[in-house]
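The basis for the numbers below is simple: all heavy atoms, side chains too, and nothing from hydrogens, waters or symmetry mates. Note that this is a predicted model, so its numbers are computed, not measured.
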Amino acid sequence: MYSNAYIFRYASIMVILVAAVLSAAAMLLKPLQQRNEAVDKMQSILSAAGIHDVAAEDAIRIFNENITNMIVIDNKGNVVDDYTGEGKEKSRAFRINLKDELYKKSQNRDFELAMYVINLNGELIYIIPLRGVGLWGPVWGNIALKDDFNTVVGVTFGHKSETPGLGAEIETPIFEDQFPGKTLFDEQGTFKSIRVIKGGVANLPSAAQLHAVDAITGGTITSNGVGDMLKNVLESYEPYFKNQG
Amino acid sequence: MSTAKQEKEPLFSPKNKKLLTSPINLNNPITVQVLGICSALAVTAKLKPAFVMAVSVVVVTALANVIISMLRNGIPPRIRIIVQLVVIAALVILVDQVLKAFVYDVSKQLSVFVGLIITNCIIMGRLEAFAMGNKVWPSLLDGIGNGLGYGLILLIVGFVRELFGSGTLWGYNVIPAGAFEIGYMNNGFMILPPMALIIVGIIIWIQRSKNPELFEEN
């Protein structure tokens, strides 16, 4: 029979050993993991601007070749940081944690936002990272705008755990291809965002059709989440857009 | 001297071979013992995640069996389940970290299910039933065998579901475009978890009808 002291010793040593092994593994693998996350983010940013299917090995090179500016703005629309050098994955704009910044926004505190500028065949395209909530977990994405800060060039969406076949359809081309050509502002310059609506865009008055896309059947809460995400994030950029216009 | 040599069991004696092969068919953890069904439903919509899950489980069952078998004489019986859990959890976290570092896209697809290997009752079952009472080498074989038996079923289910549900295998299109033009459609039902249960049921049916040993007396 084992004594209590033996059991305690055994458990303590085991726990300390396991903790040491796991911490060592986490520290050793961290650089690789962070690189993978950065590559994934870059692929998504490039894809929103229309550069699809970038291989993971080339992502950092292609990202640095194409992206010209990494901009950080504050909530009053002022440019805080504008990085144009090499190694854009280390820039301040790339490292901004949108989740934290949106939390600050919800608390009415000052916050900062990122924006990536890409020069595609002489045309400047502005890419804005998005983040919101779906039904089961976070949803995120990127939206690319023309230099009028109004017309959408493209979007990509992603999600953590939306229902396959329903909410998860937001990351399919069927949903994403509705966005190019839509506009954020109406003719009077009022911010309209892009709504994700039930009942069919085709049934709306023609002026409103530019500010709406069809929701996903059976994915109401995810669709609403995407609509809220677009409005919540893009309205924060409105002061900046106004400053530029 | 010579007698000692005779007593030493060869590495792949018939008994040891059986440890490796019996879980693949007659004592399969999924179809015969009906363990580990939850993850079999969750990760088999596509072949690639099913394969990575299978490899991960083989690694975890084999290593956990070896470690527990090495420790088996020192583990206090009163806390043996906790010790087993710590070993499994540590290995699963390691696997998860390695996947995140080297195959990020697959790790994204598997998401929470890698963590759920911890709750896969096959692993704990083998530790408690086998590794606690056997030497290191048989335990390694038993772990690999059970992992392979689990993985085999995962791959079969993943193959059927991806082929008929998405029209692809390992992400590549295999159904010719012409078939879609004449009215062939992917079966969306295959993507959903219940279909995995039905396929596992069909596998069990076929296996039992071929193996009279598995007939149950009513």
Side-chain angles (χ1 to χ4, degrees), chain A residues 1-44 53-57 59 136-138 140 158-166 168-169 171-172 174 217-218, chain B residues 41-46 49 63-64 67-68 70-113 161 165-166 171 186-196:
Chain A
M1 206 55 211
Y2 296 94
S3 69
N4 283 348
Y6 177 84
I7 293 178
F8 274 113
R9 269 206 312 278
Y10 194 94
S12 319
I13 293 172
M14 175 184 72
V15 170
I16 291 166
L17 271 181
V18 167
V21 169
L22 289 184
S23 326
M27 276 163 63
L28 284 175
L29 295 172
K30 189 125 204 199
L32 283 168
Q33 292 170 356
Q34 281 172 337
R35 188 174 171 278
N36 286 335
E37 277 162 27
V39 163
D40 193 54
K41 193 170 166 183
M42 286 176 186
Q43 285 171 323
S44 166
D53 300 325
V54 176
E57 307 84 60
W136 305 113
W140 55 80
H159 65 91
K160 177 124 193 267
S161 46
E162 297 308 299
T163 321
L166 302 175
E169 297 287 301
E171 60 179 2
T172 61
I174 300 168
T217 309
Chain B
L41 305 189
V43 299
T44 51
K46 293 268 164 66
L63 290 181
I67 293 172
I68 290 296
M70 284 195 290
L71 299 175
R72 70 183 186 280
N73 293 325
I75 298 176
R78 280 195 224 155
I79 59 164
R80 68 179 194 287
I81 301 283
I82 298 172
V83 175
Q84 290 165 9
L85 257 183
V86 170
V87 169
I88 296 170
L91 287 171
V92 169
I93 293 169
L94 277 181
V95 167
D96 190 29
Q97 299 277 342
V98 169
L99 289 181
K100 270 200 190 120
F102 295 104
V103 276
Y104 186 74
D105 54 329
V106 180
S107 137
K108 241 176 36 178
Q109 280 181 41
L110 289 175
S111 62
V112 299
F113 296 112
R161 286 180 74 189
S166 312
N186 285 326
N187 186 347
F189 193 43
M190 279 286 178
I191 303 290
L192 299 174
M195 208 54 211

Original post:
Stepwise, does the side-chain contact (heavy atoms from CB on, under 4.5 Å) test hold for B:Phe102 with A:Leu29?
Top reply: CA-CA 9 Å; B:Phe102 295 104; A:Leu29 295 172; 3.9 Å; yes
Subject >> Closest approach of B:Ala101 to A:Asn36 (non-hydrogen atoms, all atoms of both residues) >> reply: O-ND2, 2.8 Å
Original post:
Quick one: does B:Ile75's side chain get under 4.5 Å of A:Met14's, heavy atoms only?
Top reply: no
**OP:** Name the option with the most non-hydrogen atom pairs under 4.5 Å to chain B; the candidates are A:Asp40, A:Val21, A:Val15.
**Re:** A:Asp40
Subject >> Sole residue of A:Gln33, A:Arg35, A:Glu37 in side chain to side chain contact (heavy atoms under 4.5 Å, CB included) with B:Tyr104 >> reply: A:Glu37
Subject >> N/O donor-acceptor pair under 3.5 Å between A:Tyr6 side chain and B:Gly74 backbone >> reply: yes
Subject >> Residue B:Val98 versus chain A: region with a heavy atom under 4.5 Å >> reply: both
**OP:** Count the heavy-atom pairs under 4.5 Å between each of B:Ile82, B:Ile191, B:Val87, B:Val83 and chain A, then report the option with the highest count.
**Re:** B:Val83
Original post:
Which answer fits A:Gln34, side chain, backbone, both or neither, if we ask what part of it has an atom under 4.5 Å from a heavy atom of chain B?
Top reply: neither
**OP:** For each of A:Leu28, A:Val39, A:Ile7, A:Val18, tally heavy-atom pairs with chain B at distances under 4.5 Å, and name the one with the top tally.
**Re:** A:Ile7
Subject >> Within 6.0 Å of CZ in A:Phe8, more than 12 heavy atoms from elsewhere >> reply: no
